[in-house]
Amino acid sequence: MTRVLFAAGALLLAFAAAAQNYPTRPVKLIVPFPAGSATDQVARVVGAELQQALGQPFVVENKAGAQGAIAAVEVAKSAPDGYTLMLTTNTPHAANPSLFKKLNYDPVKDFTPITRYGTTSFMLMVRPDFPAKDFKAFIAHARANPGKLSAGYGSSGSQVSIAMLKQLGKLDIVEVPYKGIPQTITDTMGGSLQLTFVDMANALAQAKGGKLRGLAVTNARRSSLAPDLPAIAEELPGYEIIAWFALMAPAKSPEAIVQRLHETNMKALAKPEVKEKFALVGTDVAPMGPAELGKFIQSEVAHWAKLVKLAGIQPE
């Protein structure tokens, strides 16, 4: 018995020492969407801050596909040692249980929450030469052309945004799935899609560049980032889609490493220059700690189940 207790104590000391010295080698930061996506942009801001503070590279790896499920499975199956992390969103960690009949991971049981970084929303965008010049005219145009408009989506936020638009607006629009929002932007600009919902990070850049034109935002009220655009809810009451970003580790990750990462994140999020960088990618800083984030994710799984049902989406 004494030997067992001694061995357990030695193991705990080893874990504590490892956590105190963490990290001693590069850390993989898995992103579930393509390069250029809002998640990717947030990951690169966060990765640079963690690297500077902790003295080791935080290497961003994009693993897009299956609405983030491919990345989630990889992280869930990784060693819980703090060297494989996931910059996640509401898609893999809240919506996917309602979007898929079967998932190869559990968004709650298979992960250790670390920090929520912030929240964002989406913008309905079309080409500059689209016939409708405002959102009210868009609704009228879509109703006058049933089945003739196609919309691309590359995340649960954009998918549910389209589905709710169709449901609440009583519109017949063809939905086209993509691995990420950057591809939907390209095809909307090229004309193979007539519309798409773009995360605020990319939407603001596209609107500024004149390549796409915004018609409305998914916030419940007008966004300070695009005050001239109406909220969809102004025409379709009850409409609201908000997305979020958070850092996760595999389940059973050492508490000391989780706390070290969270404390480092909180120091970074308090910097004015980091808040400015988040604003540039259309994200409001809204931090949560491990325990609060864990409860939040559980509530979000239920919330997105309601949104998916309201949108009339059938699980794949």
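Note that this is a predicted model, so its numbers are computed, not measured.
Partners of A66 according to the side chain to side chain contact (heavy atoms under 4.5 Å, CB included) rule, which considers only residues two or more places apart in sequence or in another chain, are A69, I70. Residues forming a side chain to side chain contact (heavy atoms under 4.5 Å, CB included) with Q167 (at least two apart in sequence, or on another chain): none. Annotation: side chain to side chain contact (heavy atoms under 4.5 Å, CB included) contacts of K166 (sequence neighbours excluded): I162, I173, E175. In this structure D40 satisfies the side chain to side chain donor-acceptor pair (under 3.5 Å) test together with R44, N62, sequence neighbours excluded. The side chain to side chain donor-acceptor pair (under 3.5 Å) check on D187 picks up Y178, with sequence neighbours excluded. In this structure S155 satisfies the side chain to side chain donor-acceptor pair (under 3.5 Å) test together with S158, sequence neighbours excluded. With sequence neighbours left out, the ring pair (Phe, Tyr, Trp, His ring centres under 6.0 Å) criterion links H141 to F130. Partners of R221 by side chain to side chain donor-acceptor pair (under 3.5 Å), not counting sequence neighbours: none found. Evaluation of the side chain to side chain contact (heavy atoms under 4.5 Å, CB included) rule for E316 yields F100, Y153 as partners, not counting sequence neighbours.
With contacts defined as side-chain heavy-atom distances shorter than 4.5 Å, the pair V301/F296 does not qualify. Between F111 and T88, every side-chain heavy-atom pair lies at or beyond the 4.5 Å cut-off. Residues I232 and F135 are in side-chain contact: their nearest non-hydrogen atoms beyond the backbone lie under 4.5 Å apart. Side-chain contact between N265 and V46: present, with at least one pair of heavy atoms (C-beta onward) separated by less than 4.5 Å. Residues L87 and T39 are in side-chain contact: their nearest non-hydrogen atoms beyond the backbone lie under 4.5 Å apart. Inter-residue side-chain proximity for L193 and V176 is flagged as met; some heavy-atom pair is nearer than 4.5 Å. Residues M189 and I185 are in side-chain contact: their nearest non-hydrogen atoms beyond the backbone lie under 4.5 Å apart. Looking at V59 and L29, their side chains never come closer than 4.5 Å, going by heavy atoms from C-beta outward.
When all heavy atoms of A72 and P92 are compared, the closest pair comes out as CB-CB, 4.4 Å. A231 and A220 get closest at one heavy-atom pair: CB-O, 3.8 Å. Across every non-hydrogen atom of M288 and H262, the tightest pair is O-CE1, 3.6 Å. Between V108 and D106, the shortest heavy-atom contact is N-OD1, 2.8 Å. Of all the heavy atoms in R127 and G191, the pair that sits closest is NH1-N, 3.8 Å.
Listed by first and then second residue, the side-chain hydrogen bond (donor to acceptor under 3.5 Å, both in side chains) pairs that reach into residues 94-103 are N96-Y105, sequence neighbours excluded. Residue pairs meeting the ring-ring contact (aromatic ring centres under 6.0 Å, His included) criterion with at least one partner in residues 37-69, sequence neighbours excluded, do not occur; the list is empty.
Ion pairing of K136 with D134 is absent here, as no side-chain N (NZ or NE/NH1/NH2) approaches a carboxylate O to less than 4.0 Å. Taking 4.0 Å as the cut-off between side-chain N and carboxylate O, E61 and K63 count as a salt-bridged pair.
Cluster annotation: L229 is connected to F197 through the hydrophobic network of ILVMFWY side chains, with a link wherever side-chain heavy atoms come within less than 4.5 Å. Linking ILVMFWY residues whenever their side-chain heavy atoms come closer than 4.5 Å, directly or via other members, places V42 and L261 in the same cluster. In this structure, V160 is a member of the same hydrophobic cluster as L195, with clusters built from ILVMFWY side-chain heavy atoms closer than 4.5 Å. Connection of V285 to L225 is not established within any shared hydrophobic cluster, with ILVMFWY side chains joined at heavy-atom distances below 4.5 Å, either directly or through further cluster members. When the side chains of ILVMFWY residues are joined at heavy-atom separations under 4.5 Å, either directly or via intervening members, L307 and L103 end up in a single hydrophobic cluster.
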- Task: Show the numbers, then the answer: is there a side chain to side chain contact (heavy atoms under 4.5 Å, CB included) between L171 and L165?
- Result: CA-CA 7 Å; L171 306 178; L165 177 69; 4.0 Å; yes

- Output, in order, the C-alpha distance, side-chain angles, deciding distance and verdict of side chain to side chain contact (heavy atoms under 4.5 Å, CB included) for Q41 and N202. CA-CA 10 Å; Q41 293 180 57; N202 283 302; 3.5 Å; yes

- Carefully, step by step, assess E49 and K271 under the rule salt bridge (Lys or Arg N to Asp or Glu O under 4.0 Å). CA-CA 10 Å; E49 289 295 322; K271 295 179 179 179; 2.9 Å; yes

- Would R213 and K133 satisfy side chain to side chain contact (heavy atoms under 4.5 Å, CB included), going step by step from the backbone distance to the final call? CA-CA 9 Å; R213 179 160 52 86; K133 299 307 177 186; 3.7 Å; yes

- Between M86 and K28, is a side chain to side chain contact (heavy atoms under 4.5 Å, CB included) present by the stated rule, with each step listed? CA-CA 8 Å; M86 182 176 181; K28 286 199 297 184; over 6 Å; no

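In this structure a side-chain-to-backbone donor-acceptor pair under 3.5 Å is missing from T264 to L50. A donor-acceptor contact shorter than 3.5 Å is absent between the side chain of S192 and the backbone of T188. The backbone N or O of S150 sits less than 3.5 Å from a side-chain atom of Q194, completing a donor-acceptor pair. In terms of modelled atom types and a separation under 3.5 Å, the side chain of T91 and the main chain of T89 share no donor-acceptor contact. Looking at T115, its side chain never comes within 3.5 Å of a backbone N or O of Y117 through a donor-acceptor pair. Here the side chain of N145 pairs no donor or acceptor atom with the backbone of K148 at under 3.5 angstrom.
Atom OG1 of T184 sits about 10.5 Å away from atom CE of M125, to the nearest 0.5 Å. Rounding to the nearest 0.5 Å places CH2 of W304 at 13.5 Å from CD1 of I297. Interatomic distance, NZ of K179 versus OG of S37, reported as 13.5 Å (0.5 Å rounding). Taking OG1 of T218 as the reference point, atom CE of M200 lies at 8.0 Å (rounded to 0.5 Å). Separating the CE atom in M123 from the CG atom in L215 is a distance of 9.5 Å, to the nearest 0.5 Å. Atom NE2 of H93 is separated from atom CG of D110 by 8.0 Å, given to the nearest 0.5 angstrom.
Crowding of E273 atom CD: a count of heavy atoms from other residues, nucleotides or ligands under 6.0 Å exceeding 12. A 6.0 Å sphere centred on CD of Q259 holds more than 12 heavy atoms belonging to other residues, nucleotides or ligands.
Side-chain polar atoms of N219 and S121 form a donor-acceptor pair below 3.5 angstrom. Side chain to side chain, S156 and Q67 fail the donor-acceptor criterion of an N or O pair below 3.5 Å.
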For a quick test of your reading: what N or O donor-acceptor pairs under 3.5 Å do the side chains of residues 238-254 make, sequence neighbours left out?
| unit_1 | atom_1 | unit_2 | atom_2 | d |
| --- | --- | --- | --- | --- |
| Y239 | OH | S161 | O | 2.7 |
| W244 | NE1 | E300 | OE1 | 2.7 |
| S253 | OG | P250 | O | 2.6 |

